[in-house]
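Below you'll find the structure, written out as structure tokens, and then a few comments.
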Amino acid sequence: MALKGVLVRQTFSTETPRMHAYRTHTCGQLRSEHVGETVRISGWVHRKRDHGGLLFIDLRDHYGLTQCVVQPDNAHFATLERLRVESVVSITGNVVARSEETANENLDTGMIEVVIEQLEIQSAADELPLPVFGEPDYPEEIRLKHRYLDLRRDTLHKNIQLRADVITYLRERMKGQGFTEYQSPILTASSPEGARDFLVPSRMHPNNFYALPQAPQQFKQLMMVSGFDRYFQIAPCFRDEDLRADRSLEFYQLDIEMSFVTQEDVFSAIEPVMHGVFDEFSGETEVTPAPFPRIPYKEAMEKYGSDKPDLRNPIELCDVTEFFADDSKTGFGIFAKIIAGGGKVIAVPAPKAAAEKSRKFFDDMDKWAKKEMQAPGLGYARLKEADGGGVDSQDPVLKNFQPELLNELLEKMGLEAGDGIFFSAGKKSDAYKLAGAARLKVGEELDIVEKDIFKFCWIVDFPMYEWDEDNKKVDFSHNPFSMPQGGLEVLEAADTDEKKLEILAYQYDIVCNGTELSSGAIRNHRPDIMIKAFELAGYGPEVVEQEFGGMLNAFKYGAPPHGGIAPGIDRIVMLLAGADNIRDVIMFPMNQQGQDLLLGAPSPAENAQLRELSLRLVQVEK
RNA sequence: GCGGGUGUAGCUCAGCUGGUUAGAGUGCCGCCCUGUCACGGCGGAGGUCGCGAGUUCGAACCUCGUCACUCGCGCCA
């Protein structure tokens, strides 16, 4: 049918019988060298400028924009005057040079214009719910509902193209390094750890369910056991958890696994790819050269209050617990009480803040801590020249400090008059969490965060276990498949909770500008170590057998040492595109409620469908 | 599940301490306009102030509830 249409159209083009039905050139193609040619271009009416006696049409396609011009003596003038923007037309006409005064340097095709001779309207547009031209801010709800219009807009169109180019680059680069792209199932088994699974009911097995993969974790490990050595995949992942600006229900990972490797081997395989992709697509922006800094987890928490530190921010936290322990020397009882209860006081230096910011800045930080972080509060002190020389502060936290102790504190933190300090006090994890968040906010407010740079680091030596406050027991802190550092020996020696919590894993994250791009690990490929590792977390061998039987069995017949990583592609593109929202780098994203507003998902199922699946709905109370 | 923000014309937003007929820009419609590229000029249409209660002589504005979107917390190895 389509072919027939083309033939019919061609027979109508009597003046230039061999001309393509829709276009001889794209809208981004014509230059001065084409002047004098008769061309045909097709695209969307981007913008009209109607002078009454002269009408300009900017015609747009994927490749660019071309100005077309028509005069009232042309038969199509009246039609074009009425035609709405975003209508699709084919224009045939002469390429003419623009005069020096009328050329447009901002446009690739700005040296020429097309004088319209023939016009074919391929598809007239109704009044738009969302303008394409100019890209004014529009409500997301409308943008998502009319995504095809939103996607025509330059920024989003470019983001999606960037995403495609990034994925192509990653594929090429991985293949170049000896990796092969293998696929893994989408309908798979539910895995007990980690995020909530999406379930898919099985028709053939009533009351049984497939799960969509949270990641192809077990499959990629099984590939290594199967001898495939170097795997990668642009892998779709599904997690049924509440959404964030940088989290979607479905997302893509550059999933990677390698056999016979140490942690350093994984790093040196990934670093050139990550540096490469950022270097390639970030324009002039500087990118941390490989090897990226390696920061132990403990150090990251102590210096930055986060396991995904933004290294563009120069602020480092300081544990000042010791200075506040004795309130007879500080005159500040609140912190002393917290410390007596086993808590910590973490200081966040705010260079020049006392000199450059008003009291409101400090008060607002405290308000922010209470409101946004739901913390008890954020203490602060502004440092100024003391009357008798030296430095002091009239703010409550430091006002009554013994001068020598204050000097010691300031020396430790490297602060002087004109600087500010914020204090986060509480249970160790809470104190660091607030301090880490305050570090980011202070850096931003003081505008001391480096710009135009992608700063990478590895966070290494994650703890194997953590204290589960809810169940009052030791549990895995990441996934249970990681190899503990020191292997079986270390596990066997850990006879107390304290010792267990000190065990580190070959578990690592790659972080860029405060965004966690990926987690990875050297895996535990030894059934005996795995059973012991579970035992330390209070799970018997039957649990391992039941939950991970498939993998455990596979490891019994010869499994290579292996490890891998899985950088999040959406987040990489977000960083490269400068987008602060994951929806701006996904072609057809869901809203924050996990709804597809364009095609309407999720939606109720037909009773017939439910019957086939042996499902019956229950009423949900709202 | 919890907390913050937003909700006024198709859209972006203004609307003071509660007070007469709720405004601007943009888009849309009509007329004019031969060198624009955010073209310009004149005119017009367009409002359940998210929804529901309440307080008040009087509510876009105050109170309570509710809904939607969004950002965050929990959650997400």
Side-chain angles (χ1 to χ4, degrees), chain A residues 46-60 65-73 77 81-82 84-86 96 98-107 109-110 113 115 126-146 191-197 214-215 217 237-249 251 307 367-368 370-375 430 433-434 437 441 462-466 468 470 475-482 505 507 509 516 518-521 523 537 566 568 580-581 583 591-593 595 597 622:
Chain A
H46 188 62
R47 193 77 179 148
K48 285 170 28 180
R49 288 176 296 283
D50 188 349
H51 292 236
L54 187 68
L55 173 60
F56 295 102
I57 301 271
D58 290 339
L59 199 65
R60 183 197 73 237
L65 208 66
T66 301
Q67 174 167 287
C68 304
V69 62
V70 63
Q71 308 228 358
D73 54 358
F77 185 90
E81 258 193 327
R82 279 197 314 273
R84 283 209 183 81
V85 291
E86 293 307 313
V96 301
R98 298 209 215 170
S99 69
E100 208 172 302
E101 312 84 71
T102 61
N104 185 348
E105 305 238 319
N106 301 322
L107 215 56
T109 59
E113 64 193 1
V115 178
D126 281 349
E127 192 182 328
L128 299 174
L130 158 91
V132 172
F133 170 79
E135 300 191 59
D137 282 347
Y138 248 63
E140 270 220 293
E141 208 171 341
I142 292 175
R143 291 177 52 199
L144 291 173
K145 189 169 173 199
H146 303 280
S191 75
E193 40 37 271
R196 194 176 294 116
D197 285 314
Q214 296 172 25
Q217 180 65 35
C237 306
F238 307 86
R239 294 178 190 175
D240 187 6
E241 295 292 345
D242 286 358
L243 273 42
R244 290 287 186 281
D246 63 351
R247 262 168 34 193
S248 175
L249 295 182
F251 58 97
D307 60 1
K367 274 188 211 156
W368 160 84
K370 287 174 170 132
K371 226 175 178 180
E372 305 269 322
M373 299 298 294
Q374 292 167 20
D430 294 342
K433 189 179 165 191
L434 176 60
K441 192 166 169 65
F462 274 82
M464 185 80 187
Y465 301 101
E466 66 185 8
D468 176 355
D470 292 340
D475 206 345
F476 290 109
S477 68
H478 280 77
N479 82 43
F481 308 127
S482 303
Q507 167 86 39
D509 279 3
E516 181 197 317
S518 174
S519 246
R523 322 296 175 187
D580 51 14
N581 197 301
R583 295 182 289 274
N591 68 5
Q592 208 196 29
Q593 270 60 263
Q595 296 163 309
L597 299 179
K622 256 236 155 169

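Here the structure is a predicted model, which is why all the values come from computation and not from measurement. Heavy-atom basis, side chains included; hydrogens, waters and symmetry copies ignored. Proteins get letters first, then strands, A, B, ... in listed order; numbering begins at 1 in each.
A gap of 15 Å separates the C1' atoms of B:G25 and B:U8, to the nearest Å. Atom C1' of B:G7 sits at a distance of 10 Å from the matching atom of B:C49, rounded to the whole Å. The separation of B:G40 from B:G15, taken at their C1' atoms, amounts to 30 Å, rounded to a whole angstrom. Taking the P atom of each, B:A59 and B:C75 are spaced 46 Å apart, rounded to whole Å. Here the separation of B:A60 from B:U56, taken at their C1' atoms, is 16 Å to the nearest Å. When the P atom is compared between B:G23 and B:A9, the two are found 14 Å apart, to the nearest whole Å. B:U55 and B:U63 have their C1' atoms separated by 7 Å, with the value rounded to a whole Å. If you take atom C1' in B:G74 and the same atom in B:U6, they sit 23 Å apart, rounded to whole Å.
Listed nucleotides: B:C29, B:C33, B:G72. Nearest to the side chain of A:Glu81: B:C33. For A:Asp58, counting side-chain heavy atoms from C-beta on, the closest listed nucleotide (B:C33, B:C73, B:C37) is B:C37. Of the candidates B:U12, B:U70, B:U36, B:U12 carries the atom nearest the A:Pro139 side chain, counting heavy atoms from C-beta on. Here the nucleotide nearest the side chain of A:Asp242, chosen from B:C69, B:G1, B:C28, is B:G1. Proximity note for A:Asn591 (side chain, C-beta onward) versus B:C11, B:G35, B:U70: the nearest is B:U70.
In summary, A:Glu140 and A:Arg583 engage in a salt bridge, as defined by a charged side-chain N under 4.0 Å from a carboxylate O. Taking a cutoff of 4.0 Å between a charged side-chain nitrogen and a carboxylate oxygen, A:Asp58 and A:Arg49 qualify as a salt bridge.
Of the side-chain N and O atoms in A:Gln214, none sit less than 4.0 angstrom from OP1 or OP2 of B:C76. Contact between the side-chain N/O atoms of A:Arg49 and the OP1/OP2 oxygens of B:C39 is found at a separation under 4.0 Å. Between A:Arg84 and B:C29 there is a side-chain N or O to OP1 or OP2 distance below 4.0 Å. In terms of phosphate contacts, A:Lys145 brings no side-chain nitrogen or oxygen within less than 4.0 Å of OP1 or OP2 of B:G10. The phosphate of B:U70 (OP1 or OP2) has no side-chain N or O of A:Arg143 nearer than 4.0 angstrom. Between B:C71 and A:Gln592, a contact under 4.0 Å exists linking OP1 or OP2 to a side-chain N or O. Between A:Arg244 and B:U70 there is no side-chain polar atom (N or O) within less than 4.0 angstrom of OP1 or OP2.
Within the 4.5 Å cutoff, the side chain of A:Tyr138 has heavy atoms near those of the A:Pro131 side chain. Using a 4.5 Å heavy-atom cutoff, the side chains of A:Val132 and A:Val85 are not in contact.
Remark: the A:Arg98 side chain and the B:U36 base include a donor-acceptor N/O pair separated by less than 3.5 Å. Applying the 3.5 Å distance criterion, the base of B:G7 shares no donor-acceptor pair with the side chain of A:Glu141. Taking 3.5 Å as the limit, the base of B:C75 and the side chain of A:Arg247 contain a donor-acceptor pair of atoms between them. For A:Gln71 against B:U34, a side-chain-to-base donor-acceptor contact under 3.5 Å is present. With hydrogens and angles ignored, no donor-acceptor pair closer than 3.5 Å exists between the side chain of A:Arg47 and the base of B:C37.
Contacts of A:Ala103 with the nucleic acid, taken as non-hydrogen atoms under 4.0 Å apart, include base atoms. Looking at heavy-atom distances under 4.0 Å, A:Thr102 makes contact with a base. Within 4.0 Å of A:Asp137, counting heavy atoms only, lie sugar-phosphate atoms of the nucleic acid but no base atom. A:Phe481 comes within contact range of no nucleotide atom at all, as no heavy-atom separation falls under 4.0 Å. At the heavy-atom level, A:Gln217 lies under 4.0 Å from base atoms of the strands shown. Within the 4.0 angstrom heavy-atom criterion, base atoms lie near A:Phe56. Residue contacts for A:Ser482: at a heavy-atom cut-off of 4.0 Å it reaches no nucleic acid atom on any strand shown. Residue-level contact check: A:Gly194 touches the backbone only, with heavy atoms under 4.0 Å from sugar-phosphate atoms and none from bases.
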Review point. Could you go step by step and tell me if A:Arg60 and A:Glu86 meet the side-chain contact (heavy atoms from CB on, under 4.5 Å) rule?
Key: CA-CA 9 Å; A:Arg60 183 197 73 237; A:Glu86 293 307 313; 2.9 Å; yes

Point to revise | Verdict with supporting geometry, A:Phe56 and A:Arg47, side-chain contact (heavy atoms from CB on, under 4.5 Å) | key: CA-CA 8 Å; A:Phe56 295 102; A:Arg47 193 77 179 148; over 6 Å; no

Practice item. Might you work through the side-chain contact (heavy atoms from CB on, under 4.5 Å) test for A:Gln67 and A:Asn104, ending with a clear yes or no? Key: CA-CA 10 Å; A:Gln67 174 167 287; A:Asn104 185 348; over 6 Å; no

Review point. Are A:Thr66 and A:Glu113 close enough, and set up right, to give a side-chain contact (heavy atoms from CB on, under 4.5 Å), and what steps lead you there?
Key: CA-CA 7 Å; A:Thr66 301; A:Glu113 64 193 1; over 6 Å; no

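Taking atom NE2 of residue A:His146 and atom P of nucleotide B:G10, one finds them 14 Å apart after rounding to whole Å. Rounded to whole angstrom, the span from the CD atom of A:Glu135 across to the P atom of B:U12 amounts to 15 Å. A:Leu144 has its CG atom 15 Å from the P atom of B:C11, to the nearest Å. Rounded to whole Å, atom P of B:U70 lies 9 Å from atom CG of A:Asn581. Remark: C1' of B:C39 and NZ of A:Lys48 are 14 Å apart, rounded to the nearest angstrom. Rounded to a whole Å, the CG atom of A:Leu130 is 11 Å from the P atom of B:U12. Distance CD (A:Glu113) to C1' (B:G35): 8 Å, rounded to an integer number of Å. For the pair A:Glu101 CD and B:G35 P, the computed distance is 12 Å after rounding to whole Å.
Pair check for B:G7 finds B:C67; Watson-Crick or G-U wobble, both atom distances under 3.5 Å. The nucleotide B:C2 finds its pairing partner in B:G72, both defining distances of the Watson-Crick or G-U wobble pair being shorter than 3.5 Å. In a base pair of the Watson-Crick type (N1 to N3 plus N6-O4 or O6-N4) or a G-U wobble (N1-O2 and O6-N3), with each distance short of 3.5 Å, B:C62 is matched with B:G54.
Nearest-nucleotide positions on RNA chain B place A:Gln67 closer to the 5' end than the other of A:Gln595 and A:Gln67. Where A:Asp50 and A:Tyr138 each meet RNA chain B at their nearest nucleotide, the meeting point lying more 5' is that of A:Tyr138.
The main-chain N or O of A:Arg196 is found under 3.5 Å from a side-chain atom of A:Glu241 such that the two form a donor-acceptor pair.
Rounding to the nearest 0.5 Å places CZ of A:Phe462 at 6.0 Å from OG of A:Ser519.
The aromatic ring of A:His51 does not sit over the base of B:U36, since the test of centres under 5.5 Å and planes under 30° is not met.
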